[in-house]
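Single-structure report; data block below.
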Amino acid sequence: MNNQYSAGIIGTGSYLPEKILKNEELEKIMDTSDEWIRTRTGIISRRIADKEMATSDLATKAAINAMKNANITADELDLIIVATVTPDMAFPSTACIVQKNIGAVNAAAFDMEAACTGFVYALTIGEQFIKTGFYKKILIIGAEIFSKIIDWEDRNTAVLFGDGAGAVILVRTEKNTGIISSYLGSDGKDGHVLTLPGGGSRNPINHKMIEDRLHYLKMDGSEVFKFAVRIMGNAALKVLEKADMTLEDIDFLIPHQANIRIIEASAKRLKLPMDKVYVNLNKYGNISAASVPVALDEAVREKRIKSGDNVLLVAFGAGLTWGSSLIKWI
Ligand code: UT7
């Protein structure tokens, strides 16, 4: 099928739980310090969902905000994609729960998983449905509750993550506006550096699995760090190349918010001053698939992005996975 249409974002929304967990509070429950967390990561606080909240609750609120911002109603949606590694349950999908919550009676719905790259993957999937003419309006959400999969006894990982949700509404746009190019990649051979090993078919739920703490996230942070610094620049250059554009064409960068040192290294490689790079990890930590859409929503609301800007989204995550999208903002 010919790509007769372009796909563009007409609305963004986000939702962050109210409870703020500061570094100082972590000092009281584990052997860490505000100074270590700030200097090694840039994180000062993160949001934590209430115990009774599930990912779909956050996703639903972000979706409602995005629909309001896009001035559309739920019955106009053709498809809902939720990117998450912390779904409410194995099935039904979190996307189907959101579909019910918002009353998107005409929409198909599914979850997809590419960890912290999840939103960029989901956006690219949505883009294909729009470009071919198959669908007209798609809700794409990145939502996570990492506080429930973190090992609060592991200071190497517990200080890094947070909870939240971000959403966008993707629609048909005029040719050569909206998403100009996209690039996705993966490397399963190094996937062992960031995993949640328990609870699936490899290590099903049983007492032994829980005693071994396999139901919590495991990470080799320095290996992920090295991969991230390399891949963020590569993924950005690749998507520019695909669009026949150069570094000078980038107006604004929305990077995955994992570590300020990774973001600064990426900005340097892309020759971008930090005022053209959105950073909110100081407030929220790493919210995985929600990281990019929450940052995008905040950047839009703060008017850091204007019509006609070339906005670059770049993310990396477990899998290993990576992806980038270049968007001419409508
Ligand atoms: O979205 C993808 C998910 N993950 C990431 O993007 C994470 C990528 N990696 C990173 O951001 C960094 O590698 C970390 C922030 C995780 C770690 O920073 P680092 O500079 O690579 O530190 P390190 O792992 O080399 O650890 C240095 C030291 C170790 O102590 P020793 O062995 O040198 O005595 C750690 O035990 O820091 C210690 N450490 C801590 N100290 C205080 C590790 N975590 C903490 C902590 N508080 N929370």
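Just so it is clear, the values below take in all heavy atoms, side chains as well, and ignore hydrogens, waters and symmetry mates. Numbers here simply count residues along the sequence, with the first being 1. Start at 1 and go down the list; that is how both ligands and their atoms are numbered.
- Glu211 and Lys208 are not joined by a salt bridge, as no carboxylate oxygen comes within less than 4.0 angstrom of a charged side-chain nitrogen.
- Protein heavy atom at the shortest distance from atom 29 (C) of ligand 1 is Arg155 NH2, 4.8 Å.
- Proximity of Met30 to ligand 1, defined as any heavy-atom pair under 4.0 Å, is not found for any part of the residue.
- Taking every heavy atom of Thr41 and a limit of under 4.0 angstrom, the matching atoms of ligand 1 come to 15 (C).
- With sequence neighbours excluded, no residue forms a salt bridge (charged side-chain N to carboxylate O under 4.0 Å, His left out) with Lys238.
- At a distance under 4.0 Å, a protein heavy atom can be found next to atom 4 (N) of ligand 1.
- The minimum heavy-atom distance linking Ile260 with Val279 is given by the pair CD1-CG1, 3.8 Å.
- Ligand 1 lies nowhere less than 4.0 angstrom from a heavy atom belonging to Gly317.
- Regarding atom 6 (O) of ligand 1, its nearest protein heavy-atom neighbour is Ala258 CB, 3.3 Å.
- Each of Thr177, Asp249, Asn310 was evaluated against Lys328; a single residue qualifies, Asn310, per the side chain to side chain donor-acceptor pair (under 3.5 Å) test.
- Nearest non-hydrogen protein atom to atom 14 (C) of ligand 1 is Asn259 ND2, 4.5 Å.
- Applying the ring pair (Phe, Tyr, Trp, His ring centres under 6.0 Å) test to pairs two or more places apart or on separate chains, those with a residue in residues 159-179 are Phe146-Phe161.
- Residue contacts with ligand 1, taken as heavy atom pairs separated by less than 4.0 Å, do not involve Thr157 at all.
- If you look at Ile37 next to ligand 1, there are no close heavy atoms at all, none under 4.0 Å.
- The side chain of Val159, and not its backbone, has at least one atom closer than 4.0 Å to an atom of ligand 1 (non-hydrogen atoms only; side chain from C-beta on).
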